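The structure under discussion appears below in the form of structure tokens.
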Amino acid sequence: MSQKPSIPKGTRDFSPAEVARRNYITGIIRGQFERFGFQPIETPSFEQYDTLMGKYGEEGDRLIFKILNSGDFVKNLEPADLAAPDAQKWTPQLCEKALRYDLTVPFARYVVMHQNEIDFPFKRYQIQPVWRADRPQRGRFREFWQCDADVVGAGGIVQELELVQLYDRVFYELDLKGVTIKINHRKILSGIAEVIGAGEQLVDFTVALDKLDKIGREKVEAEMLQKGIPQAAVAKAAPLFELGGAAQGQLDQLKELLKDSKTGMEGLAELEELFTESSKLGLKASACQLQITLARGLNYYTGVILEVAAPESISMGSIGGGGRYDDLTGIFGLQGLSGVGISFGLDRIYLVLEQLGLFPDQLDQNLDVFCINFGPAEARDALRLVMGLRDRGLRADLYPEAAKLQKQFKYADKRGAPYVVLIGEEELANGTFIVKNMEEGSQQTYKREDWVVFARSLQT
RNA sequence: GUGGUUGUAGCUCAGCUGGUUAGAGCGCUGGAUUGUGGUUCCAGAGGUCGCCGGUUCGAACCCGGUCUUCCACCCCA
């Protein structure tokens, strides 16, 4: 009895063409990460249960994949526990490990564990899969790849400035135009909540505000009231709903609103510097936008918040995000280290590039030369030529058996080989080989000793 | 986690108010073309109709469950 195979919901197989495309994206990201001075690390796919739990809020805890203990995993439970089903309560006793939920918390853990061997400021990048027990949708998977670059142990807005440049350079190199980098500041949001009198409900306030573009002002106000934010506070927030346009204009209006909030003014000063310096440096492919409603992202952000939106023509959630978190490592006992970082969502960037047709055609070509097999004696000679080409760095292959020519040519065509080499009975006797240009259909005969001439013609 | 949606050949999809032998295009295999692919022509193979159960004389079609896909919330890359 054979069973019909399947893979878990929200996971995917990647075929050769897809891997080539994913490698194209990660190659560009990795290249830019390294140019910007980041160093790679890797961490385990699963961490201790306690390392991850409680770091992403209540919703995050629910979305963490827990790993059931091996062996007699119920031995820690009391008979009374078994009588009263309560998954919430049992989980910590049944699970000592959980799958990585993002790359930031494992990085914080890494920094604390390796603090004595790290030279600060430490700039690290990490490209690895993460797992979330979310309900899948387009661009939302249970297993997906993040490409993170973070700096730990460095304050000052210059890091944020660099990260904006890093985003821009990657999108420029991917030829992805029209990306918007949305920027906000946690301290501004705190300041606003403070001055309008909703300081206690900062999270509820920002979560509701974040939905402005999507559900409109009235529904946002309704949600705020429903969450228990006073009517007077909501009324005071009115100017926010009208904000828009150039960053400087928004900043000037916010200065008026936040003049009595020290925290708020700090945030404004930082954003002002970021926007001023950013416009001096310039951007090649993307645009920065101050979006005061931006609140998404993890709770631990304390400074600048970044989120990257795909070009407007594409319906897709954010393709990247990031920000600054003071005291990144505090939860693991190392106080006073500030961290700032960004993330690229590989899988969503893939979908965007695919939809816009931005993958280079070249990615489909995985062979430079394909050699036809005419029989044992001819194949021996062909293999010698193939090995010579391989030694020169060319991708060359030989058909494994003397199948019908039609079959071998069809195979070469599908493999995308631009050149096919033929060494048949006649060429074997003559000491020659034929090169067929598959695109043009033309053929050229070379003397065997001139194979390097042929190889060089492919390498220019 | 809540509500909805989808599933028919390798792929994209038809398939009438339930009716007996489930179709097309593309792809695949073979041939026209025993030293030439991408064009053309001819022939052929390929489906437990996602899975399990129910209703019915009879189910791809109706009902329930389950898995999967996608969508809206929630949240996020």
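Quick caveat, the model's predicted, so the values are computed rather than measured. In the text below, chain A, chain B and the rest are named by the order of the sequence lines, each starting its count at 1.
For the pair A:Ile305 CD1 and B:A77 C1', the interatomic distance rounds to 16 Å; values are reported in whole Å. For the pair A:Asp364 CG and B:G38 C1', the interatomic distance rounds to 15 Å; values are reported in whole Å. A:Met316 has its CE atom 12 Å from the P atom of B:A72, to the nearest Å. The NZ-C1' distance, from A:Lys227 to B:C74, rounds to 10 Å in whole Å. Here the P atom of nucleotide B:U33 and the CD atom of A:Gln406 are 11 Å apart, to the nearest Å. As rounded to whole Å, 8 Å separates atom P of B:A77 from atom CG of A:Asp102. A:Met438 has its CE atom 4 Å from the C1' atom of B:G37, to the nearest Å.
Rounded to whole Å, the separation between the P atoms of B:G27 and B:C16 comes to 28 Å. When the P atom is used for both B:U17 and B:C73, the distance is 34 Å, rounded to whole Å. Rounded to the nearest Å, the gap between the C1' atom of B:C49 and that of B:G15 is 11 Å. Using atom P as the reference point in both B:A22 and B:U39, the two lie 32 Å apart (nearest Å). Only the C1' atoms considered, B:G10 is 13 Å distant from B:A45, to the nearest whole Å. Taking the P atom of each, B:G53 and B:C61 are spaced 14 Å apart, rounded to whole Å. Rounded to the nearest Å, the gap between the P atom of B:G46 and that of B:G35 is 31 Å. B:C52 and B:A9 have their C1' atoms separated by 23 Å, given to the nearest Å.
Annotation for A:Phe73: atom CZ does not count as buried by contact number, only 12 or fewer foreign heavy atoms lying within 6.0 Å. The neighbour count for A:Glu58 CD, taken as heavy atoms of other residues, nucleotides or ligands under 6.0 Å away, does not exceed 12. More than 12 heavy atoms of other residues, nucleotides or ligands lie within 6.0 Å of CD in A:Gln355, so this atom counts as buried by the packing criterion.
Looking at heavy-atom distances under 4.0 Å, A:Gly10 makes contact with sugar-phosphate atoms alone, never a base. Among the protein residues, A:Glu427 comes within range of the nucleic acid bases, having at least one heavy atom under 4.0 Å from a base atom. Among the protein residues, A:Tyr411 comes within range of no part of the nucleic acid, since none of its heavy atoms lies under 4.0 Å from any strand. A:Ile349 comes within 4.0 angstrom of no nucleic acid atom, judged by non-hydrogen atoms across all strands. Note on A:Gly320: only backbone sugar-phosphate atoms sit closer than 4.0 angstrom, heavy atoms only; bases stay farther off. If you check every strand for non-hydrogen atoms under 4.0 Å, A:Gln408 touches nothing. Within the nucleic acid shown, A:Lys407 has no heavy atom closer than 4.0 Å to any nucleic acid atom. Among the heavy atoms of the strands lying under 4.0 Å from A:Gly441 is at least one base atom, whether or not backbone atoms are also near. A:Arg62 comes within 4.0 angstrom of a base, heavy atoms only. Among the atoms of the strands shown, base atoms are found under 4.0 Å from some heavy atom of A:Lys436. In this structure, A:Gly57 reaches neither bases nor backbone, as no heavy-atom distance under 4.0 Å exists between it and the strands shown. Residue-level contact check: A:Val207 touches the backbone only, with heavy atoms under 4.0 Å from sugar-phosphate atoms and none from bases.
Under the stacking criterion of a centre-to-centre distance below 5.5 angstrom and an interplanar angle below 30°, A:Phe144 sits stacked against the six-membered ring of B:A77.
Proximity of A:Lys214 to the phosphate of B:A72: no side-chain N or O atom is located under 4.0 Å from OP1 or OP2. Look at A:Lys211 and you'll find a side-chain N or O under 4.0 angstrom from OP1 or OP2 of B:C74.
Ring-plane geometry between A:Phe359 and A:Tyr350 is classed as tilted, the angle between the planes lying from 30 to 60 degrees on a 0 to 90 degree scale. Classified by interplanar angle (parallel below 30°, tilted 30° to 60°, perpendicular above 60°), the ring pair A:Tyr411/A:Tyr399 is perpendicular. Note on ring orientation: taking the six-membered ring where Trp is involved, the planes of A:Phe122 and A:Tyr110 are parallel (angle under 30°, cut-offs 30° and 60°).
In the model, A:Glu47 has no side-chain atom that pairs as donor or acceptor with a side-chain atom of A:Tyr101 under 3.5 Å. Looking only at atom types and distance, the side chain of A:Asp150 has a donor-acceptor partner in the side chain of A:Tyr325 under 3.5 Å away. Under 3.5 Å, the side chains of A:Ser442 and A:Asn437 contain no donor-acceptor pair of N or O atoms.
Annotation: of the two residues near RNA chain B, A:Ser318 and A:Ser442, the 5′-most nearest-nucleotide partner is A:Ser442. Residue order along RNA chain B, read from the 5' end via each residue's closest nucleotide, puts A:Ile7 first among A:Ile7 and A:Ser315.
Under a cutoff of 6.0 Å and an axis angle of 45°, A:Arg415 and A:Phe370 do not form a cation-pi pair.
Within 3.5 Å, no donor on the side chain of A:Arg415 pairs with an acceptor on the base of B:G37, nor the reverse.
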Hey, what are the protein-to-nucleotides 42-51 of chain B N/O distances that come in under 3.5 Å?
{"unit_1": "B:G50", "atom_1": "O2'", "unit_2": "A:Lys4", "atom_2": "NZ", "d": "3.4"}

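Under the Watson-Crick or G-U wobble criterion, with both distances below 3.5 Å, B:C41 is paired with B:G31. Taking a pair to require two hydrogen-bonding distances under 3.5 Å in either a Watson-Crick or a G-U wobble arrangement, B:C26 pairs with B:G10.
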